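Notes for the one structure printed next.
Labels below follow one simple rule: chain letters A, B, ... track the order of the sequence lines, proteins then strands, and each chain is numbered from 1. Computed from a prediction, not measured in an experiment: that's the story for all the values here.
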There are 2 protein chains.
Amino acid sequence: MKNRITLKELAKLLNVSVSTVSKALNDSAEISPKTIVRVKELAALHKYRPNPTAVNLKSSKSGTVGVIIPNIANSFFAKVLSGIEAQAQKDGLQVITYISNESHEREKQITEMLASGFVDGVLLAIAEETQRKKDFEHIINLIDYNLPVVLYDRIDFDMKVDKVGIDDQKIFYDATKYLQSLGKKKIGIATTIHHMGVGKLRITGYKEALESKDDFFIANSANPESLKAKLLDLLLNKKVDALLCSDFDSTLMTQRLAYENNIRIPQDLKIIGFINSEIAEFLTPSISYVNQNAAKIGETAMEILSKRINNKLEPSKKEVVIDSLVVHLESTSKS
Amino acid sequence: MKNRITLKELAKLLNVSVSTVSKALNDSAEISPKTIVRVKELAALHKYRPNPTAVNLKSSKSGTVGVIIPNIANSFFAKVLSGIEAQAQKDGLQVITYISNESHEREKQITEMLASGFVDGVLLAIAEETQRKKDFEHIINLIDYNLPVVLYDRIDFDMKVDKVGIDDQKIFYDATKYLQSLGKKKIGIATTIHHMGVGKLRITGYKEALESKDDFFIANSANPESLKAKLLDLLLNKKVDALLCSDFDSTLMTQRLAYENNIRIPQDLKIIGFINSEIAEFLTPSISYVNQNAAKIGETAMEILSKRINNKLEPSKKEVVIDSLVVHLESTSKS
DNA sequence: CTGAAAGCGCTTACAG
DNA sequence: CTGAAAGCGCTTACAG
């Protein structure tokens, strides 16, 4: 990399001291207007930029935040990242990206690295494996380190940190109520993430919405074969007339099984799924989906982290719920 | 953030000098084995970690690379990022992510910021708008700055930098030949990115594969209405029997128009599209797609950048082509 | 209004 | 084998 000009060199060229140059560039009231102009002109000429690393060392800040993403191929998280990046831009922060791939081990490595102190704060969505193992020690450590941490999306954990996510329970509650309003009597749920925080909340919301007289119809398994068997039971034997699908895999399997068994969507079966708009819109038929407002989640989480870093927030932790809504496409249209 | 222990404090506790502590921790041959053990034990006890910013300042390196991503919601780029991150991990580099949103202006801002010198190197896929405007000045500046730069994916540019991408021309050449081998006589192409480097190469490959007696059937427009009209002409009037779709939008429009006009896929029309596996597999019918090996592209680009940063590469620039292949699903199955 | 000095937390040539 | 000193590129309290 080309050698960039330093304060020292600038000072030599101007025949003034380094301190004068530094103060002039920072518009210090101590420096005469004339000198300020003179210094700034030469700095501009040489395209002087303060060395960020030196500034960081002085200020004990890095100007960076770490973002831990469980799975970037999931377009939900890609959009969250996009929101994070946009807000970080505004706040003058650099985003360092780490991908845990839903792995507990990898997540531990990352949190340890972050605790070593490069970044000023951390945005975290907890890996699936970590949730399954219920081993949050590395996360507690990170928080105890007094590094500002904001949990995003996966926030149903008992930790003293700021959180930004959606109200998973309410969404499935509302969705269930909506299907009831369409006259559906046998509403079921399909899920591969029932062991995860968000998965549990969605089931709770669903159950809560049903009347005492209603049966629960739940197909839950992380194993495709087992899920398929359970779903077929709901579709063919129990003859459910609507299904809430809690994730990508269960949504697509539901749709496929309906197709293979000549169950017509939406006439015989209505579906609402937790999948991305890109896919939902282009399935045949298109599938009504939950728009989680991913970018907004990222933006808000970054905004809170940024304020936390700059001590602009009262000590008590925040928990922000971002509105999400069901986008109705063909799979819930009135038949 | 909790105050972390420094070399100085460690030195005081041990009653030795800072230099001794530093050398001991770095296993210097100058230091006695006894001292090394003593120092390391206390360091471990206090969980000492060198302050990365200070190390960076000394070494004039930041240990970070900047990655400019045109559109992270495109799962191709998400996978590239995933490959980049994995390799950066191995190389001990931190990945700072910037999203240009295909915007020329935003890309300029980012490159200027990067030229200001925080990162050790840059991975770049050039924004669509930049390509349309043909204004590459900011990129040339970045390169001239002697900051190592590696172009990924979008590499059909005349710049003296390392490049990692796929052979777009060959893929559509091969795909066309394949469709011919199935007996298809009227092979067309649908594209919304004909103005972009990769889009042009794909068309070139397609044309190259056709015999002199064959006609070209090209539906090209970035405007949906116009593309639709051109596609309908190919499908209904010209009666093409196969279509290569150069991007997401044209693939889905082709599939939709076929559906709406009772053109059966694959019996009446074969399709190969440049879309992600996640979507391709779940369309009805499933659409044969080009697997671009996105993670490999990211990994390789990062590997080259890392070597370039450490001066482990000869001066001449590299251009690496990552193999990609067509994954055949229902839309090209023998009818 | 300007500059010398100290210091952020390290590393490393040099002296002893 | 150990330590004092210089220096990476800045900022800022302090002296003049």
Heavy-atom side-chain contact between B:Leu13 and B:Ile5 under 4.5 Å: yes
Sugar-phosphate, base or nothing in reach of A:Thr35, heavy atoms under 4.0 Å: sugar-phosphate
Distance below 4.0 Å between A:Asn51 side-chain N/O and D:dC8 OP1 or OP2: no
Nucleotide opposite C:dA4 in a Watson-Crick or G-U pair, distances under 3.5 Å: none
Atom-to-atom span, NZ of A:Lys58 to P of C:dA6 - whole angstrom: 13 Å
From C:dT12, C:dC1, D:dC10, nucleotide with atom closest to A:Pro33 side chain: C:dC1
Residue closer to the 5' end of DNA chain C, B:Glu30 versus B:Ala54 (nearest nucleotide): B:Ala54
B:Leu25 CG - D:dT2 P separation (whole Å): 13 Å
N/O donor-acceptor pair, side chain B:Ser17 with base D:dA4, under 3.5 angstrom: no
Whole-Å distance separating the CG atom of B:Asn56 from the P atom of D:dC8: 16 Å
B:Lys317, NZ atom: more than 12 neighbouring heavy atoms under 6.0 Å: yes
D:dA13: pairing nucleotide in any strand, Watson-Crick or G-U under 3.5 angstrom: none
B:Thr20 or A:Thr20, whichever maps to the more 5' nucleotide of DNA chain D: B:Thr20
Pair B:Asp120 + B:Arg308: basic N to acidic O under 4.0 Å: no
Distance test, side-chain N/O of B:Lys8 to OP1/OP2 of C:dC8, below 4.0 Å: yes
Rounded interatomic separation in angstrom, taking CG from B:Leu7 and P from C:dG7: 17 Å
Whole-Å distance separating the CG atom of A:Leu57 from the P atom of D:dG7: 17 Å
A:Ser32 side-chain N/O to C:dT2 phosphate OP1/OP2 under 4.0 Å: yes
Short side-chain N/O contact to D:dT11 OP1/OP2 from A:Ser22, under 4.0 Å: yes
Minimum heavy-atom distance B:Ile309-B:Pro148, with the two atoms named: CG1-CG, 4.1 Å
Spacing of A:Leu10 atom CG relative to D:dG9 atom P, expressed in whole Å: 13 Å
Minimal non-hydrogen separation, B:Val65 against B:Leu305, with atom names: CG1-CD2, 3.7 Å
Touch class at under 4.0 angstrom, heavy-atom based, for A:Val18 against every strand present: base
Proximal nucleotide (of C:dC10, C:dC8, C:dT2) relative to the B:Val55 side chain: C:dC10
B:Ile5 CD1 to C:dC10 C1', straight-line distance once rounded to whole Å: 15 Å
Nearest-angstrom distance from the residue atom NZ of A:Lys23 to P of D:dA15: 13 Å
Heavy-atom donor-acceptor pair, A:Asp162 side chain to A:Lys318 backbone, under 3.5 Å: yes
C:dG7 and D:dA4, which share atom name P, separated by this distance in whole Å: 16 Å
Any B:Ser19 side-chain N or O less than 4.0 Å from OP1/OP2 of D:dG3: no
Residue-phosphate contact under 4.0 Å: B:Tyr48 side-chain N/O, C:dG9 OP1/OP2: no
